[in-house]
Amino acid sequence: MSLTNQRELFEIPDQITYLNCAYMSPLLRAAREAGQVAIARKSTPWRIAARDFFEDSETARRLFAELISADADGVALIPAASYGLSLAAANLPMRPGQRIVLLEDEFPSNVYPWRDLAARVGGSVEVVARPDDFDWTRTLLERIDDRTAVVAVPNCHWTDGSLVDLGRVGKRAHEVGAALVVDATQSLGAAPFDVGTVQPDFLVAASYKWLLGPYSLGFVYVAPPHRAGRPLEFNWIAREDSEDFAGLVNYRDVFQPGARRFDVGERSNFALLPMAMVALRQILDWRVEEVAATLGELTAHIEREGQRLSLHATPSARRAAHMIGLRSDTPLSPDLPARLAAANVYVSVRGNSIRVSPHLYNAAEDVDRLVSALAGAL
Ligand SMILES: Cc1ncc(COP(=O)(O)O)c(C=O)c1O
């Protein structure tokens, strides 16, 4: 079932056609309001109590866990996807000569930690070339073997939404003794995800795109076998009994339970957490399946209209519902995004692909505006 248009929940002026959620989502009105209230609290710190260092952190952890059908104990609060991926790279075992499998043209946050790990242990990074038929799953399955230590993949490619079947890839990875690490930044919130089905070792997501959250906040899910691992940094609140402010100098070796040991320092972010909580509640209220179905109708419309402009889309069977890449046979002009922006139409160009990423504030009229702006700008 599809959702009705939700534009009134956002603050997007009528003349703006914003089709760039994969770049950065707008805040919900309610999230901005929560953020403003939260910022104002810092002007009155006598109203910030010890329990406030814990309550929102736990609520955000729980809401994120609900979104991926995980236990809240498995979730840590992080500032960026790169932080979660670096945490995974610091904790996963890898022997000299082993390989880390990545997709071609992957987002750099999911490349640099693996290059570093490979260099440290004397292993290598193996990049799976972009298949002409967009079937990443087949090419990944062909490349995962007993030399593989880690498979670090998204569930859709950030440039065009082309899909990876994480269930099949994860199963194969685990069969050969490799770990599965998922960067879900470009899909969580708009594509259903269930940790029980995919069984990632680590899963990360920045919140400022499809989770409709603020910048500089993200989440990592850590599977049970890795929860006794080594944090990237050592902060006081991650230790047992940190709730007892008077006793903080009774230094502890024991951590807070579960993945809390991996929380970033100052994770009790008084300004950002309330915004993220509003957004997560809204997404859970919409239900991710419905968000995906609704955005799928819009991207199908974009695909049909793109064909009329000789733009070739990632085929629907091989892409996520919520975003679409439109490829041109001729090189795209570097100033295409600026020319579209001059017509108040916002998309991204990644490689030779025009990446169109709508959300529930978009309607069919936005697709019409995109098409007429593209017709004038290509
Ligand atoms: C696939 C993917 N992962 C992660 C990010 C953001 O990474 P970070 O939070 O490390 O800045 C982006 C941003 O475009 C992305 O497309």
Side-chain angles (χ1 to χ4, degrees), residues 18-26 60 64 68 75-90 100-117 125 127-128 130 134 136 140 150-164 166 169 180-191 193 198 200 202-221 232-233 262-265 267 269 272-273 275-276 279 295 314 319-320 322-325 337 346-351 353-359:
Y18 192 71
L19 291 161
N20 214 0
C21 192
Y23 164 69
M24 182 176 291
S25 64
F64 181 80
I68 58 172
V75 176
L77 306 177
I78 57 174
S82 58
Y83 189 100
L85 293 160
S86 300
L87 176 71
I100 300 163
V101 175
L102 306 178
L103 301 189
E104 187 176 19
D105 294 337
E106 178 55 282
F107 190 79
S109 292
N110 199 13
V111 176
Y112 294 127
W114 305 118
R115 284 200 195 183
D116 179 69
L117 172 59
V125 165
V127 174
V128 172
R130 183 187 284 279
F134 301 94
W136 289 113
L140 275 165
V150 180
V151 180
V153 285
N155 75 348
C156 67
H157 201 279
W158 67 293
T159 57
D160 61 2
S162 46
L163 273 178
V164 172
L166 290 176
V169 169
L180 175 71
V181 179
V182 177
D183 176 8
T185 300
Q186 285 293 6
S187 55
L188 271 195
F193 187 92
V198 174
F202 288 81
L203 169 133
V204 309
S207 81
Y208 70 95
K209 298 173 190 284
W210 303 95
L211 294 177
L212 306 179
Y215 196 70
S216 302
L217 179 66
F219 301 90
V220 56
Y221 165 79
L232 289 184
E233 52 184 283
F262 302 119
D263 283 351
V264 67
R267 63 104 207 270
N269 193 314
L272 301 186
L273 287 172
M275 297 197 243
L295 300 184
T314 327
R319 66 168 167 81
H322 59 282
M323 66 162 128
I324 184 165
Y346 294 86
V347 296
S348 286
V349 171
R350 297 288 178 260
S353 170
I354 304 168
R355 184 186 66 189
V356 188
S357 51
H359 212 285

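We count ligands from 1, going down the list as the structure has it; atoms in each ligand are counted the same way.
Any N or O atom pair closer than 3.5 Å counts here, and Y215 shares no such pair with ligand 1. Not a single N or O atom of A206, backbone or side chain, sits closer than 3.5 Å to an N or O atom of ligand 1. Geometrically, ligand 1 and E106 share no nitrogen or oxygen pair separated by less than 3.5 Å. Looking at ligand 1, you won't find any N or O of W158 less than 3.5 Å from one of its N or O atoms.
The ligand atoms of ligand 1 that sit less than 4.0 angstrom from a heavy atom of S109 are 7 (O), 8 (P), 10 (O). Counting the atoms of ligand 1 from 1 in the order shown, those under 4.0 Å from a heavy atom of A80 are 9 (O), 10 (O). For ligand 1, the atoms closer than 4.0 angstrom to any heavy atom of A81 are 4 (C), 7 (O), 8 (P), 9 (O), 10 (O). Counting atoms of ligand 1 from 1 in the listed order, those under 4.0 Å from a heavy atom of S82 are 10 (O).
A parallel orientation is assigned to the rings of F64 and F219, their planes being inclined by less than 30° (bins at 30° and 60°). Ring geometry, F107 versus W158: the interplanar angle exceeds 60°, so the pair is classed perpendicular (tilted spans 30 to 60°).
Nearest protein heavy-atom contact of atom 14 (O) of ligand 1 is K209 NZ, 2.7 Å. The protein heavy atom nearest to atom 16 (O) of ligand 1 is Q186 NE2, 2.9 Å. Scanning the protein heavy atoms around atom 1 (C) of ligand 1, the nearest turns out to be D183 OD2, 3.4 Å. Among all non-hydrogen protein atoms, the one lying nearest atom 5 (C) of ligand 1 is F107 CE2, 3.4 Å.
Nearest approach of L217 to A276, heavy atoms of both residues: CD2-CB, 3.4 Å. Looking at every heavy atom in both residues, E104 comes nearest to H157 through O-NE2, 2.8 Å. Shortest non-hydrogen contact noted between D160 and T314 is O-OG1, 3.3 Å. Here the closest heavy-atom approach between residue V75 and residue D263 is recorded as O-OD1, 4.4 Å. Residues A22 and Q186 share a closest heavy-atom pair of O-NE2, 2.9 Å.
At most 12 heavy atoms of other shown residues, nucleotides or ligands fall within 6.0 angstrom of atom CZ in R115.
Here CG of D105 is found 10.5 Å from OG of S353. Values are rounded to the nearest 0.5 Å.
Distances from ligand 1 to the non-hydrogen atoms of Y208 include at least one value under 4.0 Å.
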